[in-house]
Number of protein chains: 2
Amino acid sequence: MSSERLLQNTHLDKSSYIPLYIQVRDILKELINSGKLQPGDQIPSENELSTEYNISRMTVRQASQELIREGYISIKRGEGTFVNAASHTQMLLKLEGFSSEMAKLGYRNHSRVLNIEMVEAFDSFGMAYTGLGKEPGEALVRICRVRYVEETPFAIETSFLPLDIGQGLLNPRMADDASLYNYIEKDLHIRLSRADHVIQPGLADQEIANLLEIAKGSPVLNLHGTTFSMNNQPVEYLEGIYRGDKYELKVVITK
Amino acid sequence: MSSERLLQNTHLDKSSYIPLYIQVRDILKELINSGKLQPGDQIPSENELSTEYNISRMTVRQASQELIREGYISIKRGEGTFVNAASHTQMLLKLEGFSSEMAKLGYRNHSRVLNIEMVEAFDSFGMAYTGLGKEPGEALVRICRVRYVEETPFAIETSFLPLDIGQGLLNPRMADDASLYNYIEKDLHIRLSRADHVIQPGLADQEIANLLEIAKGSPVLNLHGTTFSMNNQPVEYLEGIYRGDKYELKVVITK
DNA sequence: TATGATAACATGTCTAGACAAGTAGATCAA
DNA sequence: TTGATCTACTTGTCTAGACATGTTATCATA
């Protein structure tokens with residue numbers, strides 16, 4: 001049982017408000033991210049984990065299902081559960097957000113806020129009003145940012161927020177390197193749950209090309225869609241333009 | 001309990017080899033696809049379903065989790081489970097495949113096989129060899145198809161198959177409108193499970209532009225990646241080029 | 001008329017089992 | 001040596017509950 005060594009220094013807090021299956025998921029995720037579990041490695045079996053942590057096997061399975069959805073592991077019935085090969089691919093769409101994602105990969109990244117303002121123009125930003133379920137006449141907060149990795153611009157992101165969520169960012173003005181998702185989750189205590197995004201290929205016009213430091217007419221990915229909170233309230237409408245040469249989109253689909 | 005009317009004529013076969021949660025999932029999916037459950041409608045609660053079908057609530061929840069993953073429903077804790085708004089968006093990536101997806105939307109679609117042949121050229125198709133886990137020297141079957149919807153070309157798809165899977169398509173030559181996924185699942189009895197795809201924006205060159213009937217330099221989506229069977233064997237390496245003006249990619253992400 | 005408690009009902013998490021079925025390795029027989 | 005069988009171990013499905021917690025509507029109270 002090499003799992004004993006592997007799992008030492010890990011433990012569950014049964015009195016925590018954090019569900020047990022989330023704790024197990026995060027322990028396994030940490031073992032993978034830290035390299036203690038390498039791609040191809042078999043992770044401890046469901047029985048081993050349920051015995052080790054003194055929890056039900058169904059709870060362990062709940063953790064596994066999460067990790068499958070996130071692409072960390074795959075299961076071979078009758079054989080075991082194995083760590084997937086890490087992907088070099090950037091996931092545009094992780095709800096964890098840009099900063100933590102890039103940091104995990106070891107890249108220094110930062111942002112520049114081009115513009116942050118209150119807007120009240122249904123005609124110009126109809127998609128955002130619709131996406132957030134707001135009526136014409138209501139005010140939104142609009143944030144334009146350029147994302148950099150190691151001094152190279154990667155993306156232009158425009159976020160539209162309902163006034164009650166975004167007004168705290170107007171004064172004082174949101175810092176260049178602040179994380180929007182961190183602000184929403186940590187400061188406002190709104191837990192994010194679901195993002196409903198659409199992606200299309202497109203071409204860079206002159207303004208976009210300048211900001212992203214690419215040639216006019218270069219391929220880009222256009223993304224737009226709404227992010228929802230845990231209780232299904234729309235929290236953000238995002239429009240993103242991503243450099244086609246730097247970004248790719250990885251999707252794992254399970255039937 | 002309007003659910004009684006809704007669920008009449010539905011039943012589970014407890015002696016079937018098809019798991020109960022799959023049967024429940026498919027009943028609900030059918031109710032949604034047939035329009036008996038409209039977007040925004042509340043579906044019967046977990047307790048109602050478990051009572052109605054005389055199964056455990058956990059089994060009902062397993063069905064719900066599937067439908068959430070597939071984007072059909074969303075759950076509001078304490079409130080209920082609701083049908084999502086249908087998306088007009090084409091999902092590039094559904095494992096069900098192109099034909100059934102388009103048929104569901106009511107479009108007539110067909111394909112044209114440009115080319116189907118055995119290849120043995122690691123140098124030209126290195127990505128495919130790697131994706132399928134094959135060694136140089138092994139033969140693959142390569143299928144080039146153009147996809148049409150209502151006479152408009154939408155996509156060019158090149159599938160690479162291991163010889164044992166693809167050889168049945170060489171002679172007789174695969175029919176223009178045959179479904180590859182149907183062939184693999186129904187004829188070869190290989191159940192597909194997971195697809196690992198990468199998408200990037202690109203530009204159409206002259207050859208692509210001609211086939212897709214668009215201007216050279218128009219934006220396209222390039223996709224490549226491997227599809228795996230239920231027991232994690234690579235089954236297909238797919239390279240697709242999709243018209244940017246017709247296709248968009250919809251992704252629902254759940255944290 | 002407001003407000004606050006409460007009840008009914010929804011989903012979220014978790015248990016401690018059960019049996020089924022797929023896989024791999026050991027063992028035994030031809 | 002080869003092949004079949006057995007066994008131990010894995011994941012898949014399912015049960016019949018339990019208590020926690022979020023939502024809504026109702027109803028009693030100030």
Side-chain angles (χ1 to χ4, degrees), chain A residues 1-3 12-26 28 41-68 73-83 189-191 193-194 229-233 254-255, chain B residues 1-3 12-26 28 41-68 73-83 189-191 193-194 229-233 254-255:
Chain A
M1 308 262 179
S2 69
S3 67
L12 300 188
D13 177 1
K14 293 216 180 187
S15 63
S16 165
Y17 71 97
I18 299 169
L20 295 174
Y21 77 96
I22 298 284
Q23 295 184 47
V24 173
R25 181 198 69 182
D26 289 345
L28 293 174
D41 282 0
Q42 182 167 7
I43 74 175
S45 76
E46 295 170 357
N47 273 319
E48 281 180 284
L49 287 169
S50 66
T51 305
E52 175 70 26
Y53 293 125
N54 197 28
I55 57 177
S56 155
R57 203 187 126 212
M58 286 299 271
T59 304
V60 174
R61 281 181 66 78
Q62 222 174 329
S64 310
Q65 292 305 313
E66 291 265 316
L67 291 169
I68 289 171
I73 62 174
S74 52
I75 288 183
K76 299 187 190 182
R77 178 176 184 178
E79 204 170 337
T81 303
F82 302 87
V83 178
H189 302 292
I190 296 174
R191 286 176 68 196
S193 80
R194 198 169 67 93
S229 72
M230 221 53 133
N231 46 345
N232 267 291
Q233 293 301 309
T254 323
K255 195 166 189 175
Chain B
M1 305 258 181
S2 69
S3 69
L12 300 188
D13 177 1
K14 292 216 180 187
S15 65
S16 165
Y17 71 96
I18 299 170
L20 295 175
Y21 76 95
I22 298 284
Q23 295 184 47
V24 174
R25 180 199 70 183
D26 289 345
L28 293 174
D41 282 0
Q42 182 167 7
I43 74 174
S45 75
E46 294 170 357
N47 274 320
E48 280 180 283
L49 287 169
S50 67
T51 304
E52 175 70 26
Y53 293 125
N54 197 27
I55 57 178
S56 153
R57 202 185 127 212
M58 286 300 269
T59 304
V60 175
R61 283 181 65 78
Q62 223 174 327
S64 310
Q65 293 304 314
E66 292 265 315
L67 291 170
I68 291 172
I73 61 173
S74 52
I75 287 183
K76 301 187 190 181
R77 179 174 186 180
E79 205 171 338
T81 304
F82 302 86
V83 178
H189 301 292
I190 296 173
R191 286 176 67 198
S193 79
R194 197 168 68 93
S229 71
M230 221 54 132
N231 48 344
N232 267 290
Q233 293 301 308
T254 322
K255 195 161 189 178

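We name chains A, B, ... by the order of the sequence lines, and we start the count at 1 in each one.
- The side chain to side chain donor-acceptor pair (under 3.5 Å) check on B:N54 picks up nothing, with sequence neighbours excluded.
- The side chain of B:T59 places an N or O atom within less than 4.0 Å of a non-bridging phosphate oxygen (OP1 or OP2) of D:dT15.
- Applying the side chain to side chain donor-acceptor pair (under 3.5 Å) test to A:S16 and every residue at least two apart in sequence or in another chain returns nothing.
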Would you list the protein and nucleotides 19-22 of chain C atom pairs, both N or O, that sit under 3.5 Å from each other?
| residue | atom | partner | partner atom | Å |
| --- | --- | --- | --- | --- |
| C:dA21 | O4' | A:R77 | NH2 | 2.9 |
| C:dG22 | N2 | A:G78 | O | 2.8 |

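- The side chain to side chain contact (heavy atoms under 4.5 Å, CB included) check on B:E79 picks up B:K76, B:F82, with sequence neighbours excluded.
- Look at A:S45 and you'll find a side-chain N or O under 4.0 angstrom from OP1 or OP2 of D:dT10.
- Annotation: proximity of residues 16-24 of chain B to DNA chain D (heavy atom, distance under 4.0 Å) is found for B:P19, B:L20, B:Y21, numbered in ascending order.
- Distances shown here put a side-chain N or O of A:T81 below 4.0 Å from the OP1 or OP2 atom of D:dT11.
- Sorted by first and then second residue, the salt bridge (Lys or Arg N to Asp or Glu O under 4.0 Å) pairs involving residues 54-64 of chain A (not counting sequence neighbours) are A:E46-A:R57, A:E46-A:R61.
- By the side chain to side chain donor-acceptor pair (under 3.5 Å) test, A:Y21 pairs with no residue at all, sequence neighbours left out.
- Put simply, the side chain of A:I55 reaches to within 4.5 Å of the side chain of A:K14, judged on heavy atoms.
- In this structure, B:M58 atom CE and C:dA16 atom C1' are separated by 12 Å, rounded to whole Å.
- Applying the side chain to side chain donor-acceptor pair (under 3.5 Å) criterion to A:Q65, with sequence neighbours excluded, gives no partner residue.
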